[in-house]
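Numbering of residues begins at 1 and proceeds along the displayed sequence.
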Amino acid sequence: MANYGSNNLIFKIDVSDGGALTAMTNYITEIGGVKVVRGNVESIAFGDTWDEHLLTGIRKMEPFTVGGFYDDTASTGPDVVFNGTHTVTRSVEITWGGTKTTSFEAWITDYERKPVVGDLTMYTATIQPTGTVTEA
């Protein structure tokens, strides 16, 4: 059984609309949980004494955050990549170590700079996946 650490993770996103995937790994120090949810509906009928659910067949990936040290490098820093004015979804690919990847289209729904006295400025961006998620 293989075990992987943070040094095995690669996070890529297209920096420009329709552009090539670019590794942002060196700008990210944390990624919120990447969670895939299977949709379901309550199916409790009269006379039931326990909660019941049926799967709908719809799956989705929950929004998650990425964050790290603020950097405004002109073409590759997180300020440009996550705070830009993009009119189309962004392609994202996460490699979990070895060859396992998760790929999807996403919107960047918010971007926050977080300055703190006596510390380095950090950033957080929220990634909202949309459409099909491909895991290979």
Side-chain angles (χ1 to χ4, degrees):
M1 176 172 133
N3 294 304
Y4 299 106
S6 58
N7 61 322
N8 300 113
L9 188 130
I10 301 169
F11 184 97
K12 293 181 180 179
I13 190 167
D14 57 346
V15 175
S16 60
D17 292 346
L21 290 175
T22 301
M24 292 297 295
T25 310
N26 291 338
Y27 296 104
I28 297 174
T29 60
E30 63 179 298
I31 298 176
V34 177
K35 181 179 179 180
V36 176
V37 178
R38 296 176 69 187
N40 66 84
V41 296
E42 263 189 17
S43 60
I44 303 168
F46 290 114
D48 286 345
T49 58
W50 284 90
D51 190 27
E52 295 178 359
H53 290 83
L54 295 172
L55 293 177
T56 64
I58 304 294
R59 295 175 10 146
K60 71 175 183 175
M61 182 182 283
E62 295 285 332
F64 63 94
T65 59
V66 296
F69 296 106
Y70 172 78
D71 188 329
D72 61 359
T73 301
S75 61
T76 58
D79 190 58
V80 171
V81 174
F82 297 119
N83 194 26
T85 55
H86 301 280
T87 59
V88 297
T89 59
R90 312 294 293 283
S91 298
V92 177
E93 180 183 88
I94 303 171
T95 303
W96 299 102
T99 59
K100 175 72 173 182
T101 61
T102 302
S103 303
F104 52 93
E105 292 296 305
W107 295 103
I108 311 300
T109 58
D110 65 63
Y111 175 79
E112 177 182 15
R113 294 177 198 97
K114 301 185 295 187
V116 177
V117 172
D119 204 349
L120 296 174
T121 299
M122 304 295 284
Y123 79 91
T124 301
T126 301
I127 312 292
Q128 172 63 68
T130 184
T132 302
V133 175
T134 303
E135 294 200 296

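- Side-chain atoms of W107 and T130 form no donor-acceptor pair, as typed in the model, at a separation below 3.5 Å.
- Under the 4.5 Å side-chain heavy-atom criterion for grouping Ile, Leu, Val, Met, Phe, Trp and Tyr, Y111 is connected to I127 within one hydrophobic cluster.
- With R90 contributing its side chain and A106 its backbone, the two residues share no donor-acceptor pair below 3.5 Å.
- Pairs passing the ring pair (Phe, Tyr, Trp, His ring centres under 6.0 Å) check and including a residue from residues 49-85, sequence neighbours excluded, read F82-Y123.
- Side chains of I31 and L9 form a contact here, defined as non-hydrogen atoms less than 4.5 Å apart.
- The NZ atom of K60 sits 8.0 Å away from atom CD of Q128, with the distance rounded to the nearest 0.5 Å.
- Checking side-chain atoms of D14 against main-chain N and O of S91 turns up a donor-acceptor pair under 3.5 Å.
- Pairing each heavy atom of M24 with each of G77, the nearest pair is CE-C, 4.2 Å.
- Nearest heavy atoms, G98 versus Y4: N-CE2, 3.4 Å.
- Every residue meeting the side-chain hydrogen bond (donor to acceptor under 3.5 Å, both in side chains) condition with T73, not counting sequence neighbours, appears here in chain and number order: D71.
- With rounding to the nearest 0.5 Å, the separation of CD1 in I28 from OG in S6 is 12.0 Å.
- The stretch residues 26-43 participates, sequence neighbours left out, in these side chain to side chain donor-acceptor pair (under 3.5 Å) pairs: Y27-T76.
- Of the inter-residue distances, the one linking I94 atom CD1 with I10 atom CD1 reads 11.5 Å to the nearest 0.5 angstrom.
- Residues P63 and P129 share a closest heavy-atom pair of CA-CD, 3.9 Å.
- Annotation: side chain of V36 is in contact with side chain of R59 (closest heavy-atom distance under 4.5 Å).
- Between T102 and T134, every side-chain heavy-atom pair lies at or beyond the 4.5 Å cut-off.
- T25 places a side-chain N or O within 3.5 Å of a backbone atom of F11 that can act as its donor or acceptor partner.
- With 3.5 Å as the limit, one finds no donor-acceptor pair spanning the side chains of E135 and T101.
- Atom CZ of R113 has more than 12 neighbouring heavy atoms from other residues, nucleotides or ligands inside a 6.0 Å radius.
- In this structure the side chain of W96 reaches within 4.5 angstrom of the side chain of V34, judged on heavy atoms.
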